[in-house]
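Presented below is the structure to which this report refers.
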Amino acid sequence: MQCGWPLLGPLQWIRYVNKQVKVKAGKDEEHRGWLLTVDPVSASLVLVNFREEEGGSSVQVVMGHAVEEVEVLQDADEETTERLQTSFLPPRTCKLELEELRRRRGSIQRWLEKNRVPVEEEGDKLRVAGVLTITAPYGPEDCCSSNQIILDRIQKLIRTVPEHLKMNQN
């Protein structure tokens, strides 16, 4: 049990992370959930509750200035800790076969060349106009460049790759 939550600071707050907590805030307010993190500036708590029937989760933020008391109900087991740490990561892309990656790289390269964009292979990457790199699996989100204008244009171009080019294996 802890009072004066905002005054504790990050070194104390970290002890509550990945634990199921009961938070008393304001008049007659009580919140329960797994503490994912604490905002270091506002002392706000981010609570996660897993909905088993839907396989999803809900997130609730309790503002730090309103927190009157935090009580640990239980520690997270390995599965819950893993679930908390991966809840807000983008879904993992499936591993693609080498042949599928080669085919995708080839179709993107042909499409860019057809649109008169200078592109060359650099190992398993594509290098566009010397200022942009496209890595596997060769989608718009796999483009990297410090030139925002070129980045936007190439990403838009990749989004328009015709289906017949995607299917073409040569």
Side-chain angles (χ1 to χ4, degrees), residues 1-105 108 123-126 132-156 158-161 166:
M1 192 167 12
Q2 200 64 54
C3 296
W5 179 259
L7 303 174
L8 290 178
L11 293 176
Q12 295 296 320
W13 297 332
I14 197 77
R15 295 178 182 175
Y16 293 86
V17 172
N18 292 339
K19 294 184 175 26
Q20 189 176 37
V21 295
K22 178 170 68 173
V23 180
K24 291 184 181 176
K27 286 189 176 187
D28 304 323
E29 268 190 64
E30 186 176 286
H31 307 279
R32 291 174 185 250
W34 295 97
L35 184 59
L36 178 67
T37 190
V38 179
D39 176 62
V41 175
S42 67
S44 298
L45 296 89
V46 179
L47 301 177
V48 176
N49 284 296
F50 298 113
R51 292 179 283 197
E52 299 304 325
E53 66 278 356
E54 300 169 23
S57 57
S58 65
V59 178
Q60 182 178 26
V61 176
V62 181
M63 301 305 290
H65 69 273
V67 174
E68 293 177 2
E69 188 177 310
V70 179
E71 180 183 345
V72 174
L73 300 175
Q74 76 179 73
D75 288 353
D77 57 16
E78 279 185 44
E79 181 184 335
T80 305
T81 301
E82 173 75 15
R83 207 167 162 192
L84 283 166
Q85 291 172 349
T86 58
S87 288
F88 301 100
L89 295 177
R92 289 185 178 148
T93 56
C94 59
K95 298 269 185 190
L96 297 173
E97 302 264 339
L98 229 46
E99 185 59 31
E100 172 66 11
L101 290 174
R102 186 191 65 73
R103 187 189 63 71
R104 284 181 179 210
R105 183 178 61 233
I108 294 298
D124 60 348
K125 299 175 186 172
L126 292 175
L132 182 138
T133 305
I134 308 172
T135 57
Y138 309 103
E141 63 282 349
D142 303 309
C143 297
C144 182
S145 177
S146 60
N147 186 320
Q148 190 63 44
I149 294 169
I150 292 175
L151 178 64
D152 289 340
R153 288 183 181 168
I154 297 300
Q155 286 176 322
K156 286 177 186 170
I158 290 173
R159 286 187 186 99
T160 65
V161 174
K166 291 179 184 176

Item to check | Main-chain N/O of Ile149 paired to Asp152 side chain as donor or acceptor, under 3.5 Å | outcome: no
Next on the checklist: As an exercise, state the distance from NZ of Lys19 to CD of Gln74, rounded to the nearest 0.5 Å.
Outcome noted: 11.0 Å
Checklist outcome for this item: Between the CZ atom in Arg159 and the CD1 atom in Ile154, the distance rounded to the nearest 0.5 Å is 11.5 Å
Item to check | Heavy-atom check, side chain of Val23 versus side chain of Trp5, under 4.5 Å | outcome: no
Checklist entry - Is the CD atom of Glu78 crowded by more than 12 outside heavy atoms at less than 6.0 Å? => result no
Item to check | Distance, nearest 0.5 Å, that separates CD1 of Ile134 from CG of Leu151 | outcome: 9.5 Å
Checklist entry - More than 12 non-hydrogen atoms from neighbouring residues, nucleotides or ligands closer than 6.0 Å to NZ on Lys125, yes or no? => result no
Next on the checklist: Would you say CG of Leu73 has more than 12 non-hydrogen atoms from neighbouring residues, nucleotides or ligands within 6.0 angstrom?
Outcome noted: yes
Item to check | Which atom of Tyr138 lies closest to which atom of Arg105, heavy atoms considered | outcome: OH-NH1, 3.3 Å
Checklist outcome for this item: Here the gap from Glu71 atom CD to Tyr16 atom OH, rounded to the nearest 0.5 Å, amounts to 9.5 Å
Item to check | Polar side-chain atom of Trp13 near backbone of Ala43 as donor-acceptor pair, under 3.5 Å | outcome: no
Item to check | Heavy-atom pair of closest approach, residues His31 and Leu47 | outcome: CB-CD1, 3.8 Å
Checklist entry - Can you tell if the side chain of Asp142 reaches within under 4.5 Å of the side chain of Pro137, non-hydrogen atoms only? => result yes
Checklist entry - More than 12 non-hydrogen atoms from neighbouring residues, nucleotides or ligands closer than 6.0 Å to CD on Glu141, yes or no? => result yes
Item to check | Test item: Ser44 side-chain N/O and Gly64 main-chain N/O as donor-acceptor pair under 3.5 Å | outcome: yes
Checklist entry - Looking only at heavy atoms, what is the nearest atom pair of Pro140 and Gln155, with distance? => result O-NE2, 2.9 Å
Next on the checklist: If you define the side chain from C-beta out and look only at heavy atoms, does anything of Lys22 sit under 4.5 Å from Glu30?
Outcome noted: yes
Checklist outcome for this item: Scanning both residues in full, the closest heavy-atom pair of Gln85 with Asn18 reads NE2-ND2, 3.9 Å
Item to check | Between CZ on residue Arg104 and CD1 on residue Ile158, distance to nearest 0.5 Å | outcome: 11.5 Å
Checklist outcome for this item: When every non-hydrogen atom of Ile14 is compared with those of Leu11, the smallest separation belongs to CG2-O, 3.3 Å
Next on the checklist: How long is the straight-line distance from CZ of Arg153 back to CG of Leu132, given to the nearest 0.5 Å?
Outcome noted: 13.0 Å
